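Note that the coordinates shown come from a computational prediction; the quantities given were computed from them, not determined experimentally.
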Amino acid sequence: MALDIKLGVTTWLWTSPFGSESVSLFPKIRKMGYDAVEIPVEDPLLIDTGIVKQALADNGLKPIICGAFGPGRDLTHEDPSFHKTSFDYIQQCLQISAELGASFVAGPMYSAVGKARLVSPEQKKIEWDRAVSNLYKVCQMAKSAGQEIALEALNRFETDLINTTADLMRLIEDINHPAAKVLLDGFHMNIEEPDIEKAIEQAGDKLIHVQVSENYRGTPGTGQTRWDAYKRGLEKVNYSGTVTIESFTPEIKELAGAVCIWRPLAESQDAFAADGYKFLKSWAAD
C-alpha cells in the first residue's frame with residue numbers, strides 16, 4: 001500500500017546556520033521534487049521570516065521548523081537561568097514557525113544535546129521532573145502561538161534521558177498536554193529500538209513528523225535500514241505527514257564536529273538529496 005506522505009529535506013544537508021540567504025537552496029530542493037524543507041533554527045536573529053516566507057511561496061515548499069539545542073539550551077539544568085534561555089529561544093522558534101505557516105517546532109527540547117552521563121536514579125528523577133514541568137510550560141507557549149511541539153528521542157551517545165519511543169511516550173504522558181507530540185528519527189531508532197515497527201506503533205496518533213537517513217547517516221537506500229519495517233509501522237498508524245531526510249554536510253566544520261561526521265557520506269550533498277528523494281519516492285509508492 002502506498003504511503004500518503006510528503007517528502008522533505010533539511011538545509012543542514014548543505015549549510016549551517018540557516019539564515020535568510022539560505023533560501024538560495026529552495027529552487028534546487030523543489031527541482032529535485034521535494035514538497036517540504038526543514039529549517040533548523042540555530043540563531044533566530046539570522047532569519048527574516050518575510051524573506052523566507054516569500055521564498056517558500058515562490059518555490060511551492062512547505063516549511064518545517066526544527067530547534068537546535070546546544071549546551072546553553074537545557075530545560076533539565078539545575079540553574080534556572082538555563083531554563084529562561086531555553087524558553088526565550090523556543091518562543092522565538094514558535095514565532096518563526098507561526099509566521100512561516102508551519103504548525104509545530106520539532107527537536108529534543110527536553111535537554112541539551114550531548115548531555116549523556118551515568119547518573120543516579122535520584123538525579124535522573126530530578127532531571128526528568130524538570131523536563132516535565134518545563135515542557136508543560138513550553139506546551140502552553142505553543143498553544144498560545146497556535147503551534148504544537150514534536151519531541152524527539154535521541155540515541156544513548158547524545159542523551160541519557162530519552163532514548164526510545166517508550167521513553168518519549170512516558171514523557172508525553174507525564175507532561176499531559178495536548179500540544180506535546182512526537183518526532184521519530186530513523187537514525188536514532190536504528191541504534192536504540194529492537195523493533196522499528198512496534199516503536200512507530202507506540203507513537204500512534206501522536207506522531208506528527210518523521211526524519212530519516214541511513215543507519216550511518218548516509219543516503220536512504222544505501223545502508224542496512226529496515227525500510228520495510230518503517231513502512232509497515234507508518235501504515236499502521238495512518239501517518240500522512242512529512243518524511244524528511246536529515247543528515248549533515250561535512251564541509252561546515254562546527255556542524256560536522258557536533259554530529260561526528262568525519263568523512264563525506266555521498267559523492268556530493270546534491271547527489272545525497274537527489275538520490276535520497278528517488279529512493280524515498282519509490283519506497284513510499286510501492
Side-chain angles (χ1 to χ4, degrees), residues 1-44 46-68 92-107 142 145-150 181 183-186 207-213 219-221 230-231 234 238-249 266 268-286:
M1 185 173 76
L3 291 173
D4 180 22
I5 59 171
K6 292 179 171 59
L7 296 178
V9 64
T10 177
T11 58
W12 261 333
L13 197 63
W14 291 276
T15 191
S16 171
F18 182 93
S20 299
E21 72 286 350
S22 303
V23 300
S24 61
L25 292 166
F26 290 3
K28 173 166 59 181
I29 289 169
R30 184 57 185 162
K31 188 175 181 181
M32 288 178 181
Y34 287 101
D35 309 293
V37 58
E38 190 163 304
I39 297 172
V41 180
E42 293 173 72
D43 182 350
L46 297 178
I47 300 176
D48 183 319
T49 53
I51 292 173
V52 178
K53 187 172 184 178
Q54 186 61 55
L56 289 165
D58 290 345
N59 292 281
L61 289 169
K62 170 189 171 184
I64 295 165
I65 303 304
C66 178
Q92 289 174 296
C93 289
L94 290 167
Q95 183 176 346
I96 288 170
S97 184
E99 290 180 4
L100 294 182
S103 59
F104 61 85
V105 173
Q147 298 283 302
E148 295 177 316
I149 60 170
K181 299 296 175 63
L183 152 65
L184 293 182
D185 183 323
L207 181 62
I208 60 172
H209 190 44
V210 175
Q211 294 173 336
V212 295
S213 63
T219 309
Y230 279 98
K231 189 171 184 184
L234 294 175
N238 296 311
Y239 182 71
S240 60
T242 302
V243 173
T244 295
I245 292 178
E246 186 191 54
S247 191
F248 310 90
T249 174
S268 69
Q269 298 309 102
D270 284 358
F272 192 133
D275 293 345
Y277 175 83
K278 290 173 187 174
F279 172 80
L280 290 176
K281 188 73 173 175
S282 174
W283 164 75
D286 287 343

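Annotation: side chain of Thr249 is not in contact with side chain of Leu13 (no heavy-atom distance under 4.5 Å). Counting heavy atoms from C-beta outward, Thr10 and Cys66 have side chains that stay 4.5 Å or more apart. Contact annotation: the side chain of Leu234 never approaches that of Ile5 to less than 4.5 Å [non-hydrogen atoms, C-beta and beyond]. Using a 4.5 Å heavy-atom threshold, the side chains of Leu100 and Leu56 count as touching. Annotation: side chain of Ile29 is not in contact with side chain of Asn59 (no heavy-atom distance under 4.5 Å). The shortest side-chain heavy-atom distance between Leu207 and Leu184 falls under the 4.5 Å cut-off. Contact annotation: the side chain of Leu7 approaches that of Tyr277 to within less than 4.5 Å [non-hydrogen atoms, C-beta and beyond]. Proximity of Val9 to Trp14: side-chain heavy atoms (C-beta onward) are separated by under 4.5 Å at one or more points.
Of the possible donor and acceptor atoms, none in the side chain of Thr244 sits under 3.5 Å from a partner among the backbone N and O of Glu38. Without hydrogens or angle criteria, Ser22 side chain to Gly19 main chain gives a donor-acceptor distance under 3.5 Å. In terms of modelled atom types and a separation under 3.5 Å, the side chain of Tyr230 and the main chain of Gly186 share a donor-acceptor contact. Under a 3.5 Å cut-off, the side chain of Gln92 and the backbone N or O of Pro44 do not form any donor-acceptor pair. Under the 3.5 Å distance criterion, the side-chain polar atoms of Gln147 are left unmatched by any main-chain donor or acceptor of Gln95.
For the atom pair Leu280 CG and Tyr34 OH, the distance stands at 6.5 Å (nearest 0.5 Å). With rounding to the nearest 0.5 angstrom, the CG atom of Asp58 is 12.5 Å from the NZ atom of Lys53. One distance of note links CE of Met32 with NZ of Lys281; it measures 15.0 Å at 0.5 Å rounding. Separating the CH2 atom in Trp283 from the CG atom in Leu3 is a distance of 5.0 Å, to the nearest 0.5 Å. Taken from OG in Ser20 to CG in Leu46, the straight-line distance is 7.5 Å, to the nearest 0.5 Å. Interatomic distance, Glu21 CD to Asp48 CG, rounded to the nearest 0.5 Å: 11.0 Å.
Across every non-hydrogen atom of Ala98 and Ala145, the tightest pair is CB-O, 4.0 Å. Nearest approach of Cys93 to Ile65, heavy atoms of both residues: O-CG2, 4.2 Å. Across Thr242 and Gly8, no two heavy atoms sit closer than the pair CG2-N, 3.8 Å. Shortest non-hydrogen contact noted between Gly107 and Leu183 is N-CD2, 4.0 Å. Residue Phe104 comes nearest to Ala150 through the heavy atom pair CD1-CB, 3.9 Å, listed as atom of the first residue, atom of the second, then distance. Residues Ala266 and Thr219 come closest through the heavy atom pair CB-OG1, 3.9 Å.
Ring geometry, Phe26 versus Phe18: the interplanar angle falls under 30°, so the pair is classed parallel (tilted spans 30 to 60°).
Taking Asp185 as the reference, Glu152, Phe187, His188, Gln211, Arg217, Glu246 meet the side chain to side chain contact (heavy atoms under 4.5 Å, CB included) condition, with sequence neighbours excluded. The side chain to side chain contact (heavy atoms under 4.5 Å, CB included) test applied to Asp4 returns Ser240, not counting sequence neighbours.
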side-chain contact (heavy atoms from CB on, under 4.5 Å) evaluation trace for His209 with Ile64 | CA-CA 9 Å; His209 190 44; Ile64 295 165; 3.5 Å; yes
Checking side-chain contact (heavy atoms from CB on, under 4.5 Å) for the pair Thr11/Val37: CA distance, chi angles, key distance, verdict?
-> CA-CA 7 Å; Thr11 58; Val37 58; 3.6 Å; yes
Apply the test side-chain contact (heavy atoms from CB on, under 4.5 Å) to residues Ser247 and Phe272: give CA-CA distance (whole Å), side-chain angles for both, the deciding distance (0.1 Å), then the verdict.
-> CA-CA 9 Å; Ser247 191; Phe272 192 133; 3.5 Å; yes
Under the side-chain contact (heavy atoms from CB on, under 4.5 Å) criterion, do Ile149 and Lys181 qualify, and how do the steps go?
-> CA-CA 6 Å; Ile149 60 170; Lys181 299 296 175 63; over 6 Å; no
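Side-chain polar atoms of Ser16 and Glu42 form a donor-acceptor pair below 3.5 angstrom. Side-chain contact annotation: Glu99 with Thr49, donor-acceptor N/O pair under 3.5 Å present.
Around NZ of Lys278, the count of heavy atoms belonging to other residues, nucleotides or ligands within 6.0 Å does not exceed 12. More than 12 heavy atoms of other residues, nucleotides or ligands lie within 6.0 Å of NZ in Lys62, so this atom counts as buried by the packing criterion.
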